[in-house]
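Labels below follow one simple rule: chain letters A, B, ... track the order of the sequence lines, proteins then strands, and each chain is numbered from 1.
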Protein chains: 2
Amino acid sequence: MATMQDVARRAGVSVSTVSYVLTGTRPISQATRDKVHAAMAELDYQPNAMARGLASRRSRILGLLMPMDERGLGATETAFVTGAAAAASAAGYHLVLSPIGVADTDELRRLASQRMLDGALPMEVQLDDPRVDLLRELGVPLVLIGRTGDTTGLSYVDIDFDRTVRDAVDHLVGLGHRRIVYVNHSTATIAHGYGPALRTRDAFVAAMTGHGLDPLMIAAEDSAAGGRAALSEAFDRAPDLTAVLAMNENAIFGILGELAGRGLSVPGDVSVVSMVTSPQVAELATPALTAMTSPGSALGRIAVETLLRHLDGGSGEIHQQLLPCVLEVRGSSGPPRATGGDSTTGTGPARPAPARTEEAARRRAATRRRA
Amino acid sequence: MATMQDVARRAGVSVSTVSYVLTGTRPISQATRDKVHAAMAELDYQPNAMARGLASRRSRILGLLMPMDERGLGATETAFVTGAAAAASAAGYHLVLSPIGVADTDELRRLASQRMLDGALPMEVQLDDPRVDLLRELGVPLVLIGRTGDTTGLSYVDIDFDRTVRDAVDHLVGLGHRRIVYVNHSTATIAHGYGPALRTRDAFVAAMTGHGLDPLMIAAEDSAAGGRAALSEAFDRAPDLTAVLAMNENAIFGILGELAGRGLSVPGDVSVVSMVTSPQVAELATPALTAMTSPGSALGRIAVETLLRHLDGGSGEIHQQLLPCVLEVRGSSGPPRATGGDSTTGTGPARPAPARTEEAARRRAATRRRA
DNA sequence: GGTGGTTGTCGAAGCGCTTCGACGAAGCGT
DNA sequence: ACGCTTCGTCGAAGCGCTTCGACAACCACC
């Protein structure tokens, strides 16, 4: 393993000159620079990260704080991670993913106190997030992925849920739908203060009332069964519904299964639009789901770039940015069956015979891949 | 930020003594140790990772090389990661996840050459994996998660596919099934040398012929549509099949959907067993899937412990370990309808009317959660 | 009461890099 | 021709830790 000494000797310059070539902190003549680069290439020199980190007091490591629950990671998160990693790599930084739970402040404290992290990117930020408090206390620069309740003085990037919900509702209303039900996450999740669930709920109410429509929201457990139950509840409360807007990706296939079980076609009888969904998942359904595609990769890139700006320019400006999911119309949305106003579409044409229904109960799905 | 100097001064000892207390490399009297610990606590001292790394030439960082495709991470991988992280943390190491693609050797070279990694754990190892070659070349200790084609001199942990397949087949044969079809990954994946697909294929042939049965394997694209197509092909080639063993988790819900679409009940008409599947995913189906549960967390823990042993004890013994998935019987498997030998169960009782079939085509699902 | 081995502690020399101050050599205006 | 400012480079002082050799002090043992 060649050291900077070796490079300096070989290039016939001092170590400090090599260092300046590497970091660009002082002007170096082209001739010298070439000599140094040649020497580095010949020796296959790679700077020692630890030495550099010790001397410069910067590790060049960015921590992506990623709580890993038992569910795994979806395509959105994955896109986010790869986007962030690419941006970090391009800037000569390393992006390390830390599978640290939201409440696991001990491990985070270790990481941060040992000066191992130049900055942090907490993912899946909660409205009240202990990690954020800890990082601020320790003086670690951070950019949130998501938003805490109070974001004063904090930079963040997040999905623009208001805009996303509005666009989705506009799409459905534009098609002629009047009776739209919003399937959110579970009441427990909402009560727990999960930002996206709360924000989309409010945005849905705003969007619907803006159109002079009644906002009907149903909470659903994060499972296929939850989706089925939610759809049943929806039909109980609004027999004339013609469209479902679903935030809950785990429930979406339960919803589709239940619709099929009731003998209702999509989008013939009921249109379905899925929120914050990747193309990959949307294509799994038949027909493919009209969905609001999350800007995962861009979000990751922007988050890293923002964080790097904080590291360089002192504290710098705080930067708060929202990106909307973009509507991608696929096969699951279309004009409502009864184009009129408040006509009653009913619970479905010629309800299938009991036997069929029972079978239909098996036609479900929703998973999160592999196992 | 307190340094070791501060601690030494406060405890009235030298820095080296403090260091010995910390690392345990030399005996220190109980009295001195107590003084030092007290001083550390008072100052809220945390050793500087960079300085320690530079001086000791060990970063105490383990790299989990995790290729991130667009699909995200399943529950099995997640369990693996958390198991590994817990084991690393317990040993005072950090586990960093690197979203490095299998072919992205440049980034890996950077990470490794900069002496940032004490050891590496490549995940989703391919039969011929450039990362493994590179790491060996660079002299970075490693433990594979999975297996390359030639594993001489390499430590690894992996799923015991032979045993897993055999147990699954035994379960079905024990129930009375004779005509069992194995739904594997796609032919492209198999041709690409994806270890699990190859190993399970061979294991399936062995297990079936061991029972004097005909091993019928169908390849399926990793999607719901692939699962449906595979099932159709299966019925074409073996109209009398009574059980499906599926390795392809992305296709499983397509398989279930297609079965339902044909009016076949599970497990009444056809039993379904899913391989390498987490309980969470298995429970999403109705009935819940009988599955071979992957030992994700244990695998992660063992991998880290093995790697740490390599770091401590010089090169140490190589360690190759296989863990089987354990059978968890749920609702999707049962005795075959026609218990006799080679009776023809047919393509399903009273094939549903065309209209229904068309509707049924919409009753699918399979996703990988979120988006 | 020497000899020899532990045991516990210290001082100092780095680990490989960054960065500060210094300094000769140009380049400039006047 | 004079000082004055860049420009380009060097030497040296650390960054905060580990680790080696040294060395007292103590124990034992014949």
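In this structure, of C/dG16, D/dG16, C/dT7, it is C/dT7 that holds the atom nearest to the side chain of B/Pro27. Comparing D/dG11, C/dC17, D/dC17 by their nearest atom to the side chain of A/Arg52 picks out C/dC17. With distances taken from any side-chain atom of A/Ser19 to the nucleotides D/dC15, C/dT19, C/dC10, the minimum falls on C/dT19. For B/Arg57, the listed nucleotide lying nearest its side chain is C/dC15; candidates were D/dC7, D/dT18, C/dC15. Residue B/Pro47 places its side chain closer to D/dC17 than to any other of D/dC10, C/dC10, D/dC17. When distances run from any side-chain atom of B/Thr32 to the nucleotides D/dC17, C/dT9, D/dG11, the shortest one goes to C/dT9.
Judged purely by distance below 3.5 Å, without hydrogens or angles, the side chains of B/Gln126 and B/His192 never pair a donor atom with an acceptor atom. In the model, B/Arg26 has no side-chain atom that pairs as donor or acceptor with a side-chain atom of B/Thr17 under 3.5 Å.
Nucleic acid contact class of A/Ser56 (heavy atoms, under 4.0 Å, all strands): sugar-phosphate only. Backbone-only contact: A/Thr3 has heavy atoms under 4.0 Å from sugar-phosphate atoms and none from a base. Residue A/Ser29 is in sugar-phosphate contact alone, with no base atom involved, counting any heavy-atom pair closer than 4.0 Å across all strands shown. In this structure, A/Val13 reaches the sugar-phosphate backbone alone: every heavy-atom distance under 4.0 Å involves primed, P, OP1 or OP2 atoms, never a base.
The separation between B/Asp6 atom CG and D/dC15 atom P is 11 Å, rounded to whole Å. To the nearest angstrom, P of D/dC17 lies 17 Å from CG of A/Asn48. We find that OH of A/Tyr20 is positioned 11 Å from P of D/dC10, with the value rounded to whole Å. As a whole-Å value, the separation of B/Met50 CE from C/dG14 C1' is 19 Å. Nucleotide D/dT19 holds its P atom 10 Å from the CE atom of B/Met4, rounded to whole Å. Distance, A/Arg9 CZ to C/dG16 P: 12 Å, rounded to whole Å. Atom CD1 of B/Ile28 and atom C1' of C/dT7 are 10 Å apart (whole Å). One atom, CG of A/Leu43, and another, P of C/dC17, lie 12 Å apart when rounded to the nearest Å.
Using a 4.5 Å heavy-atom threshold, the side chains of A/Leu111 and B/His94 count as touching.
OP1 or OP2 of C/dC17 sits under 4.0 Å from a side-chain N or O of A/Tyr45. Within the 4.0 Å cut-off from OP1 or OP2 of C/dT9, not a single side-chain nitrogen or oxygen of B/Thr17 is found.
No donor-acceptor distance shorter than 3.5 angstrom exists from the side chain of A/Asp158 to the backbone of A/Leu322, with no hydrogens or angles considered. Side chain of B/Arg131 to main chain of B/Met123: a donor-acceptor pair is present (N/O by atom type, distance under 3.5 Å, no hydrogens or angles).
Scanning atom types as modelled, one donor and one acceptor separated by under 3.5 angstrom connect the side chain of A/Ser16 and the base of D/dG11.
For the pair A/Leu54 and B/Ala31, both in contact range of DNA chain C, the more 5′-proximal nearest nucleotide belongs to B/Ala31. Mapped onto DNA chain D by nearest heavy atom, B/Arg26 and B/Ala55 fall at different nucleotides, with B/Ala55 at the one closer to the 5' end.
The pair A/Asp106-A/Arg109 fails the salt-bridge criterion, with no side-chain N (NZ, NE, NH1 or NH2) lying under 4.0 Å from an Asp/Glu carboxylate O.
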